[in-house]
Number of protein chains: 2
Amino acid sequence: MRQRTSLQLRTIQQVFESSKHPLLAEEALSAAQRKLPSLGIATLYRAIRSLRNSGFLKVVELPGESTRYEMSCKDHHHHFHCRKCKRVFEVESCPAAIKNFKLPDFVIEDHEITFYGLCTSCKDA
Amino acid sequence: MRQRTSLQLRTIQQVFESSKHPLLAEEALSAAQRKLPSLGIATLYRAIRSLRNSGFLKVVELPGESTRYEMSCKDHHHHFHCRKCKRVFEVESCPAAIKNFKLPDFVIEDHEITFYGLCTSCKDA
DNA sequence: ACAGAAATGATATTGAGTTATCAATATCGC
DNA sequence: GCGATATTGATAACTCAATATCATTTCTGT
């Protein structure tokens, strides 16, 4: 697919490497533009596609939210969505009970949990 | 908002009353059209809005999926998304552990769980 | 039955997110 | 460094869910 590497691609990759939470396309664009102000939205989406194809990035979908992206090398985790600042944080622990959760009529292969509430900054503000 | 009731509205309401799972606009439309073939998409969306305003319907958002709607009178529950037939089922039980789940830096006010796997029909097929 | 108002249905429009187009630019093997 | 070509950036175009428009139909109170 991609045959050459470019400053733009490397910059976008670094944005995700240095982010502690999954990013919206918009957020990734702003972050990348801080280093390369002329970087365009098309390039951002092209880079995201490359990085997904190469397995570097994966999609993070939260209910009712637009798509976010994060590095795929992370361990199994869930997300916390602050209802005040709207930011999404990673929740590293996964309630053990959920992994052993069984349902009579279904074969559970995976699960996704989204927590809602207030993040540290917002709860103290 | 709405001042008169109509056959269309009643039909759409019945569709949700008799459905065991949350419905996409598309699905609700097809179901309603089985009784009123001429019913249009605009009427469907208008009815959904009315039924939401009146508190009868609520929104169900699943990660990466378009909006579904279900009756809001149901108890706290979660959803199961069959990766084969793509249908969404209700999961009435909620793992107790999740309600008591705490995180050091966050105030958890709510949670949303989506299970993925195979439903009864698909696991046996 | 009639007039006024509300609801319908067909369709145009919106808006958000994403992809396609294409001339200009940057990259890489030689 | 040069030439071939992959990538970029600006922007047009697309997709999909949802809403607005508006002429027509239906309902309701008198």
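As the structure is a computational prediction, the values presented were derived from the model and not from experiment. Throughout, protein chains are lettered first and strands after them, A, B, ... in sequence-line order, and every chain is numbered starting at 1.
For A/H79, the ring-ring contact (aromatic ring centres under 6.0 Å, His included) test picks out A/H77, with sequence neighbours left out. The salt bridge (Lys or Arg N to Asp or Glu O under 4.0 Å) check on A/E61 picks up nothing, with sequence neighbours excluded.
Counting only distance, with no hydrogens or angles, the side chain of B/T120 and the backbone of A/D105 share a donor-acceptor pair below 3.5 Å. Remark: side-chain polar atoms of B/H81 are paired, donor with acceptor, to backbone N or O of B/K86 under 3.5 angstrom. Side chain of A/H78 to main chain of A/V91: no donor-acceptor pair is present (N/O by atom type, distance under 3.5 Å, no hydrogens or angles). Not one N or O on the side chain of B/S19 forms a donor-acceptor pair closer than 3.5 Å with the backbone of B/V15.
Under the 30°/60° scheme for interplanar angles, the aromatic rings of A/H111 and A/H76 are found to stand perpendicular.
With pairs defined as Watson-Crick or G-U wobble and both atom distances under 3.5 Å, the stems of at least three pairs that touch DNA chain D come out as C:1-30 with D:1-30.
With values rounded to the nearest 0.5 angstrom, B/F115 atom CZ is found 4.5 Å from B/I113 atom CD1. Atom-to-atom distance recorded for A/E27:CD and A/L44:CG is 11.0 Å, nearest 0.5 angstrom.
Taking atom CG of residue B/L29 and atom C1' of nucleotide D/dC16, one finds them 15 Å apart after rounding to whole Å. For B/E27 and D/dA18, the CD to P distance is 12 Å, given to the nearest whole Å. The separation between A/R52 atom CZ and C/dT18 atom C1' is 12 Å, rounded to whole Å. At whole-Å resolution of the value, CG in A/L24 and C1' in C/dA16 are 12 Å apart.
Looking at residues 35-48 of chain A, you'll see A/A42, A/Y45, A/R46 sit with a heavy atom under 4.0 Å from some atom of DNA chain C. Taking every heavy atom of residues 63-72 of chain B and every atom of DNA chain C, no pair lies under 4.0 Å. A heavy-atom distance below 4.0 Å to DNA chain D is reached by these residues of residues 2-21 of chain B, ordered by number: B/R4.
A/F89 places a side-chain heavy atom less than 4.5 Å from the side chain of B/F106.
Within 6.0 Å of NZ in B/K74 there are more than 12 heavy atoms belonging to other residues, nucleotides or ligands.
With respect to A/K20 and A/E90, no salt bridge is recorded, no charged nitrogen being found less than 4.0 Å from a carboxylate O.
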Next on the checklist: Show, in sequence, the C-alpha distance, side-chain angles and deciding distance for B/F16 and B/L57, and conclude whether the side chain to side chain contact (heavy atoms under 4.5 Å, CB included) test is met.
Outcome noted: CA-CA 8 Å; B/F16 286 102; B/L57 279 186; 3.6 Å; yes
